[in-house]
Amino acid sequence: MPDPERIDRRRAALIAYDVCRRALTPSDPARRAAMRPVLDAWVQMIELARAAGVPVIYTTPVSRADGADVVMLPTDLAAETGVPPLTNAVEGTAEAGFPDEIAPAPDDYVFLKRRPSAFYGTGAAELLRMLRRDTIIIGGGATNRGVETSVREAFNLDFAAVVVRECCWGSDAAAHAYSLDKAMKMYARIRTLDQIAAMLRE
């Protein structure tokens, strides 16, 4: 079995899951302040990846302006809240783009995403195989929804996953913690930024 405290940078890629302005630099000042540590963590993580020669793959969650592709399947949460089970930014708007601090570089990859998984309908899995990368480093939000969905799918696709703790967020603190500390441990390694920096240096 491979060393769990090592990442082969030649076989790894970073997935910056849904790190769009809508999530990381929202218009509400209190929420923006609360998200600042996550944005700062992403600045560090992306710098680490680029310094290590690890490809950076961005996803952003979008739907059409007319709502034709909004998921309207019946779910308990939708019934309880009156909100569709999946709400995205409108494709082409500023909030679907990325904060200046972590804007994609010319060599990075950007995928528009219409479902919770980083892989479903995006082409990200095909890109990873083309680049001969079988390990993903991933973070984003919500932890217990999209990140966990992507980690489970990565496992099904035979990609090893390493989740960056500080780069994850969620509005439900208990669900966020459970996903990191319990649920995803079956499918991935959960590590801090400092640990990942060390793993990439090995």
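Residues: numbered from 1 along the sequence shown.
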Colleague: Take atom CZ in Arg145; do more than 12 heavy atoms of anything else shown fall under 6.0 Å from it?
Modeller: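 No.
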
Colleague: Kindly indicate whether the side chain of Arg6, heavy atoms from C-beta on, has any atom under 4.5 Å from the side chain of Met199.
Modeller: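 Sidechains of Met199 and Arg6: no contact.
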
Colleague: Should Met45 and Tyr109 be counted in the same cluster of Ile, Leu, Val, Met, Phe, Trp and Tyr side chains packed under 4.5 Å apart?
Modeller: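 Not linked; separate clusters.
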
Colleague: In plain terms, say whether Asp108 and Arg50 are close enough for a salt bridge, that is, a side-chain N and a carboxylate O under 4.0 Å apart.
Modeller: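 Looking at Asp108 and Arg50, the cut-off is met.
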
Colleague: Looking at Phe111, I want to see if its CZ is surrounded by more than 12 non-hydrogen atoms of other residues, nucleotides or ligands under 6.0 Å.
Modeller: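 Yes, CZ of Phe111 has more than 12 neighbouring heavy atoms, counting only those of other groups under 6.0 Å.
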
Colleague: Can you tell me how far apart OG1 (Thr25) and CD (Glu95) are? Round to the nearest 0.5 Å.
Modeller: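 Here the interatomic distance stands at 9.5 Å.
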
Colleague: Thinking salt bridges, do Glu5 and Arg191 make one under a 4.0 Å N-O criterion?
Modeller: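 Answer for the salt bridge query: yes.
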
Colleague: If every non-hydrogen atom of Val19 is compared with every non-hydrogen atom of Pro99, which pair is closest and at what distance?
Modeller: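 Taking Val19 first and Pro99 second, the nearest heavy atoms are O-CD, 3.3 Å.
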
Colleague: Kindly compute the distance separating CG (Asp194) from CD (Glu166), expressed to the nearest 0.5 Å.
Modeller: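 Here the rounded value is 7.0 Å.
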
Colleague: Looking at Arg133 and Arg9, what are the two nearest heavy atoms and their distance?
Modeller: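 That closest heavy-atom pairing would be NH1-O, 2.7 Å.
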
Colleague: Which pair of non-hydrogen atoms, one from Gln195 and one from Ile190, has the smallest distance, and what is that distance?
Modeller: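 Smallest interatomic distance, heavy atoms only, reads OE1-O, 4.5 Å.
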
Colleague: Rounded to the nearest 0.5 Å, what separates atom CD1 in Ile138 from atom OG in Ser150?
Modeller: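 The distance works out to 4.5 Å.
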
Colleague: Return yes if a side-chain donor-acceptor contact under 3.5 Å exists between Asn144 and Ser179, otherwise no.
Modeller: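 No, because no side-chain N or O of Asn144 sits under 3.5 Å from a partner of the opposite role on Ser179.
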
Colleague: Using every non-hydrogen atom in the two residues, find where Ile7 and Ala12 come nearest and quote the distance to one decimal.
Modeller: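 Nearest heavy atoms, Ile7 then Ala12: CG2-CB, 3.7 Å.
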
Colleague: Does any non-hydrogen side-chain atom of Leu200 lie less than 4.5 Å from one of Val54?
Modeller: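 Side chain of Val54 against side chain of Leu200, heavy atoms only: contact under 4.5 Å found.
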
Colleague: I want to check something: taking the side chain as every heavy atom from C-beta on, are Ile196 and Arg201 in contact at a cut-off of under 4.5 Å?
Modeller: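 Of all side-chain heavy-atom pairs linking Arg201 with Ile196, none is under 4.5 Å.
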
Colleague: Is it true that, when you exclude Arg10 itself, more than 12 heavy atoms of the residues, nucleotides or ligands shown sit nearer than 6.0 Å to its CZ?
Modeller: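 Open: at most 12 neighbouring heavy atoms sit under 6.0 Å from CZ of Arg10.
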
Colleague: Looking at Asp40 and Arg36, is there a salt bridge between them, counting it only when a charged N and a carboxylate O are closer than 4.0 Å?
Modeller: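 The answer is yes: the pair qualifies as a salt bridge.
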
Colleague: Ignoring hydrogens, what is the shortest heavy-atom contact between Gly170 and Thr143? Give both atom names and the distance.
Modeller: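 It is N-OG1, 4.1 Å.
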
Colleague: Between the side chain of Thr59 and the main-chain N/O of Lys113, is any donor-acceptor distance below 3.5 Å?
Modeller: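 No: the side chain of Thr59 does not pair with the backbone of Lys113.
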
Colleague: I want to check something: taking the side chain as every heavy atom from C-beta on, are Val147 and Met184 in contact at a cut-off of under 4.5 Å?
Modeller: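 Yes; the side chains approach each other to less than 4.5 Å.
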
Colleague: Mind checking whether Val151 and Leu193 sit in one hydrophobic cluster, side chains of I, L, V, M, F, W, Y counted as touching below 4.5 Å?
Modeller: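 Different hydrophobic clusters.
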
Colleague: Using the rule that Ile, Leu, Val, Met, Phe, Trp and Tyr join whenever any side-chain heavy atoms are under 4.5 Å apart, tell me whether Ile137 and Tyr17 fall into a single cluster.
Modeller: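 In one cluster: no.
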
Colleague: Any side-chain heavy-atom pair from Cys168 and Val163 closer than 4.5 angstrom?
Modeller: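 Yes - at least one pair of side-chain heavy atoms lies under 4.5 Å apart.
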
Colleague: A side-chain contact here means heavy atoms from C-beta on lying under 4.5 Å apart; do Thr60 and Leu112 qualify?
Modeller: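 Yes, their side chains come closer than 4.5 Å.
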
Colleague: Taking atom CD1 of Ile102 and atom CD1 of Ile46, what is their separation to the nearest 0.5 Å?
Modeller: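 Ile102 CD1 to Ile46 CD1: 4.5 Å, rounded to 0.5 Å.
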
Colleague: Please say whether more than 12 non-hydrogen atoms of neighbouring residues, nucleotides or ligands are located less than 6.0 Å from CE in Met186.
Modeller: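 No, the 6.0 Å shell around CE holds no more than 12 heavy atoms from other groups.
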
Colleague: With sequence neighbours excluded, tell me which residues meet side chain to side chain donor-acceptor pair (under 3.5 Å) with Ser117.
Modeller: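 With sequence neighbours excluded, Ser117 shows a side chain to side chain donor-acceptor pair (under 3.5 Å) to Glu153, given in chain and number order.
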
Colleague: Which value, rounded to the nearest 0.5 Å, describes the distance between Arg32 atom CZ and Ser27 atom OG?
Modeller: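 Here the rounded value is 7.5 Å.
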
Colleague: If I compare all heavy atoms of Leu128 with all of Ile57, which pair ends up nearest, and what's the gap?
Modeller: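 Closest approach of Leu128 to Ile57: CD2-CD1, 3.8 Å.
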
Colleague: Leu131 and Phe159: same hydrophobic cluster, using ILVMFWY side-chain contacts below 4.5 Å?
Modeller: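 The answer is yes; both residues are in one hydrophobic cluster.
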
Colleague: Give a yes or no on this: more than 12 heavy atoms of other residues, nucleotides or ligands lie within 6.0 Å of atom CG of Asn156.
Modeller: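 Enclosed.
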
Colleague: Using distance alone, with no hydrogens and no angle criterion, decide if Tyr187 and Arg152 have a side-chain donor and acceptor under 3.5 Å apart.
Modeller: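 Yes, a side-chain donor-acceptor pair sits under 3.5 Å.
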
Colleague: Please confirm whether the ring centroid of Tyr58 lies under 6.0 Å from the ring centroid of Phe98.
Modeller: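 Yes, ring centres under 6.0 Å apart.
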
Colleague: Say you draw a straight line from CG of Leu24 to CG of Leu39; how long is it, rounded to the nearest 0.5 Å?
Modeller: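 One gets 5.5 Å once the value is rounded to the nearest 0.5 Å.
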
Colleague: Can you sort out the partners of Thr75 under side chain to side chain donor-acceptor pair (under 3.5 Å), two or more places apart, ordered by chain and number?
Modeller: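 Testing Thr75 for side chain to side chain donor-acceptor pair (under 3.5 Å), a comparison that skips the adjacent residues, returns none.
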
Colleague: Verify the cluster assignment for Val38 and Val43: are they in a single hydrophobic cluster under the rule of side-chain heavy atoms below 4.5 Å apart?
Modeller: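 Linked, Val38 and Val43 end up in one cluster.
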
Colleague: With a 4.0 Å cut-off on N to O distance, would you call Arg64 and Asp69 a salt bridge?
Modeller: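 Here Arg64 does not pair with Asp69 in a salt bridge, since their nearest N and O are not under 4.0 Å apart.
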
